[in-house]
Trainee: 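Submitted below is the structure of interest, expressed as structure tokens.
The chains referred to below are lettered A, B, ... by the order of the sequence lines, with proteins before strands, and numbering in each begins at 1.
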Number of protein chains: 2
Amino acid sequence: MSRVGLTADRLARAGAELADEIGFDNVTPSELARRFGVKVASLYSHVRSAHDLRVRVALLALDELADLVAAGLAGRSGRDALEALGDVYRDYARSHPGRYAATRLPLDHETAARSAGPRHAAMTRAVLRAYHLSEPDETHAVRLLGSTFHGFIALELAGGFSHSSPGARESWARILDVLDFSLTHWPPTPGNTP
Amino acid sequence: MSRVGLTADRLARAGAELADEIGFDNVTPSELARRFGVKVASLYSHVRSAHDLRVRVALLALDELADLVAAGLAGRSGRDALEALGDVYRDYARSHPGRYAATRLPLDHETAARSAGPRHAAMTRAVLRAYHLSEPDETHAVRLLGSTFHGFIALELAGGFSHSSPGARESWARILDVLDFSLTHWPPTPGNTP
DNA sequence: CCGCGTTGCCTAAAGCTCTTAGGCAAACGC
DNA sequence: GCGTTTGCCTAAGAGCTTTAGGCAACGCGG
């Protein structure tokens with residue numbers, strides 16, 4: 001028997017492709033072994049467990065997505081940057097649904113710190129810089145963007161908008177309008193209305 | 001051997017409790033059979049498959065949540081109603097994470113139509129009525145609320161906000177401010193800026 | 001009160017999954 | 001060319017889902 005040349009990295013890359021084809025939840029040692037024409041047990045020299053495999057796919061996807069965000073943001077600021085940020089996430093989720101799902105895998109603290117997660121956070125903050133929010137509010141805004149982007153993408157991927165009009169694309173455009181508007185006219189903490 | 005009195009309904013209810021304790025993904029015939037002190041095969045007289053079981057839990061959770069929303073909205077309108085709507089969803093997700101996850105299970109078209117899903121949509125539209133948006137925009141607003149609420153809840157449940165300040169509660173309050181503000185001053189479709 | 005039928009839970013079994021342990025042979029360094 | 005490393009193998013155990021068929025407990029009619 002000739003050797004196929006398995007590697008933790010090759011397994012993670014193949015796992016990412018597999019995720020896009022059959023769903024992240026179905027990325028398993030068994031399926032991957034079938035792909036490589038190899039017995040399941042052989043994977044365990046390269047990967048500690050099924051969970052370890054999925055974590056590697058998640059890290060790969062987070063990295064890849066962070067690179068795309070960086071490229072998308074290059075040379076843009078303000079509203080342009082906001083739209084680019086959202087579009088990169090949404091386009092990535094649509095073209096690589098399994099990889100996108102992988103980015104949602106909860107990671108333990110240490111792994112999360114080593115991941116591209118902090119890069120994502122930093123880039124979102126960079127986009128917000130142009131709106132000149134002061135400190136507690138900028139953090140709230142980071143969370144607003146994260147929530148809205150991820151929420152929309154999750155609903156769209158789950159088919160929540162299919163077969164109903166107007167199309168998801170239009171709602172997405174309007175939502176970006178609303179976010180830009182909100183960030184521009186960031187409402188003050190409401191006090192007692194006279 | 002005395003009979004335990006299994007029923008599709010009792011299984012679904014037990015499955016819902018199980019979901020909150022060990023996670024919706026771990027709601028399986030095996031685990032449920034252990035709970036009832038019964039052999040696994042016995043469940044298959046009441047439930048067609050593991051998937052069928054999970055669907056029943058999802059329908060139960062959607063119903064329960066719709067009832068809570070209806071109760072929360074009673075007698076409120078405008079901003080009060082918006083906050084009540086969001087709070088019911090968030091509180092439910094925090095106190096019943098497994099059931100909340102169940103509500104996210106993709107259902108086939110027919111099952112979705114029979115579920116409490118349409119009731120949820122109708123109640124969101126009822127909340128928006130007070131903001132007097134005209135038609136395509138009200139739909140966009142439904143999607144904005146759904147996205148932001150679900151996105152925030154997903155991030156919070158995944159631990160995205162833990163151990164960082166300010167706390168999730170504050171961001172949630174600010175985000176409700178922003179949503180109310182956006183709905184009140186709904187931005188026009190941007191044309192060519194002079 | 002008792003038999004009878006229904007129905008509920010059982011045992012048995014097949015096929016899938018993940019995971020660990022130990023073996024053989026291919027590829028690499030010298 | 002030889003030895004060591006190491007990559008993929010076979011073997012095996014435990015858990016999960018699902019189907020098929022059997023026995024006995026419950027509930028109804030007499």
Side-chain angles (χ1 to χ4, degrees), chain A residues 1-61 98 101-102 104-108 111, chain B residues 1-61 98 101-102 104-108 111:
Chain A
M1 280 290 152
S2 65
R3 300 188 176 181
V4 182
L6 297 184
T7 291
D9 237 67
R10 285 191 64 194
L11 287 175
R13 277 201 292 272
E17 288 175 26
L18 200 53
D20 289 333
E21 294 171 30
I22 63 176
F24 182 58
D25 290 346
N26 300 320
V27 172
T28 76
S30 308
E31 190 59 41
L32 213 47
R34 267 189 289 273
R35 287 289 166 115
F36 278 97
V38 143
K39 297 295 174 179
V40 194
S42 306
L43 303 198
Y44 283 78
S45 325
H46 306 277
V47 146
R48 257 198 311 281
S49 65
H51 181 251
D52 181 32
L53 171 67
R54 279 188 269 259
V55 168
R56 285 171 194 272
V57 174
L59 292 175
L60 182 153
R104 297 287 133 186
L105 184 71
L107 303 173
D108 64 80
T111 311
Chain B
M1 281 288 155
S2 65
R3 299 188 177 180
V4 182
L6 297 185
T7 292
D9 237 67
R10 286 192 64 194
L11 289 175
R13 278 200 292 271
E17 287 174 25
L18 200 54
D20 289 333
E21 294 171 27
I22 63 176
F24 183 58
D25 290 346
N26 300 319
V27 172
T28 77
S30 307
E31 190 58 40
L32 214 47
R34 267 190 289 273
R35 288 288 168 117
F36 279 97
V38 143
K39 298 296 175 181
V40 196
S42 307
L43 303 198
Y44 284 79
S45 324
H46 306 278
V47 146
R48 257 198 310 281
S49 66
H51 181 251
D52 180 32
L53 171 66
R54 280 188 269 260
V55 168
R56 285 171 194 272
V57 174
L59 292 175
L60 183 152
R104 296 287 134 185
L105 183 71
L107 303 174
D108 63 79
T111 310

Trainee: Take atom CZ of R54(B) and atom C1' of dT18(D), then tell me their distance rounded to the nearest Å.
Mentor: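 Rounding to the nearest Å, CZ of R54(B) and C1' of dT18(D) are 14 Å apart.
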
Trainee: Nearest heavy-atom pair of A16(B) and L60(B): which atoms, and what distance?
Mentor: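 Of all heavy-atom pairs spanning A16(B) and L60(B), the closest is CB-CD2, 4.0 Å.
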
Trainee: Around atom CZ of R48(B), are there more than 12 heavy atoms from other residues, nucleotides or ligands closer than 6.0 Å?
Mentor: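 Count not over threshold, so no.
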
Trainee: Which nucleotide in the list dA12(C), dT19(C), dT20(C) gets nearest to the side chain of A41(A)?
Mentor: dT20(C)

Trainee: Counting only side-chain heavy atoms from C-beta out, which of dT17(C), dT17(D), dC8(D) sits nearest to T28(A)?
Mentor: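 For T28(A), the side-chain atoms sit closest to dT17(C).
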
Trainee: Heavy atoms under 4.0 Å, any strand shown: does R10(A) hit a base, just sugar-phosphate, or nothing?
Mentor: nothing

Trainee: Less than 4.5 Å apart, any side-chain heavy atom of L107(B) and any of L59(B)?
Mentor: yes

Trainee: Tell me: CG of D25(A) to C1' of dT17(C), nearest whole Å?
Mentor: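 After rounding, the reported distance stands at 15 Å.
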
Trainee: Check whether any side-chain nitrogen or oxygen of R34(A) sits under 4.0 Å from OP1 or OP2 of dT17(C), and answer yes or no.
Mentor: yes

Trainee: Report which part of the nucleic acid V4(A) touches: base, sugar-phosphate, or nothing (heavy-atom distance under 4.0 Å, all strands).
Mentor: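 Here V4(A) touches the backbone only, sparing every base.
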
Trainee: How long is the line joining CG of L43(A) and P of dT20(C), in whole Å?
Mentor: 13 Å

Trainee: In this structure, how many angstroms lie between the P atom of dC9(D) and the CZ atom of F36(A), rounded?
Mentor: 12 Å

Trainee: Are any of S45(B)'s side-chain N or O atoms less than 4.0 Å away from OP1 or OP2 of dT7(C)?
Mentor: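 Checking S45(B) against dT7(C): no side-chain N or O falls below 4.0 Å of OP1 or OP2.
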
Trainee: What is the distance, to the nearest angstrom, from the OH atom on Y44(A) to the C1' atom on dT6(D)?
Mentor: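 After rounding, the gap between these two atoms is 19 Å.
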
Trainee: Rounded to the nearest Å, what distance is computed from the CD atom of residue E31(B) to the P atom of nucleotide dA14(D)?
Mentor: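 After rounding, the reported distance stands at 19 Å.
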
Trainee: Does dG8(C) have its OP1 or OP2 closer than 4.0 Å to a side-chain nitrogen or oxygen of S42(B)?
Mentor: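 For dG8(C), OP1/OP2 do not have a side-chain N/O of S42(B) under 4.0 Å.
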
Trainee: Measuring to OP1 and OP2 of dG15(D), would you say a side-chain N or O of S30(B) lies under 4.0 angstrom away?
Mentor: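 Looking at the OP1 and OP2 atoms of dG15(D), neither is under 4.0 Å from any side-chain N or O of S30(B).
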
Trainee: Is the backbone N or O of R10(B) less than 3.5 Å from a side-chain atom of T7(B), with the two atoms forming a donor-acceptor pair by type?
Mentor: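 No, the answer is negative, given that no donor and acceptor are paired below the 3.5 Å cut-off.
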
Trainee: Can you tell me if H46(B) touches the phosphate of dT7(C), counting only side-chain N or O atoms and a distance under 4.0 Å to OP1 or OP2?
Mentor: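 No, H46(B) has no side-chain N/O under 4.0 Å of OP1/OP2 on dT7(C).
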
Trainee: Check H46(A) against A8(A) and note the closest heavy-atom contact, atom names and distance.
Mentor: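 Scanning both residues, the minimum pair turns out to be O-CB, 3.6 Å.
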
Trainee: Just the rounded figure in Å: distance from C1' of dC16(D) to NZ of K39(B).
Mentor: 15 Å

Trainee: Rounding to a whole Å, what distance do you find between L11(B):CG and dG8(C):P?
Mentor: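 Rounding to the nearest Å, CG of L11(B) and P of dG8(C) are 12 Å apart.
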
Trainee: So if I take every side-chain heavy atom of V38(B) and compare against dT18(D), dT17(D), dC10(C), which nucleotide ends up nearest?
Mentor: dC10(C)

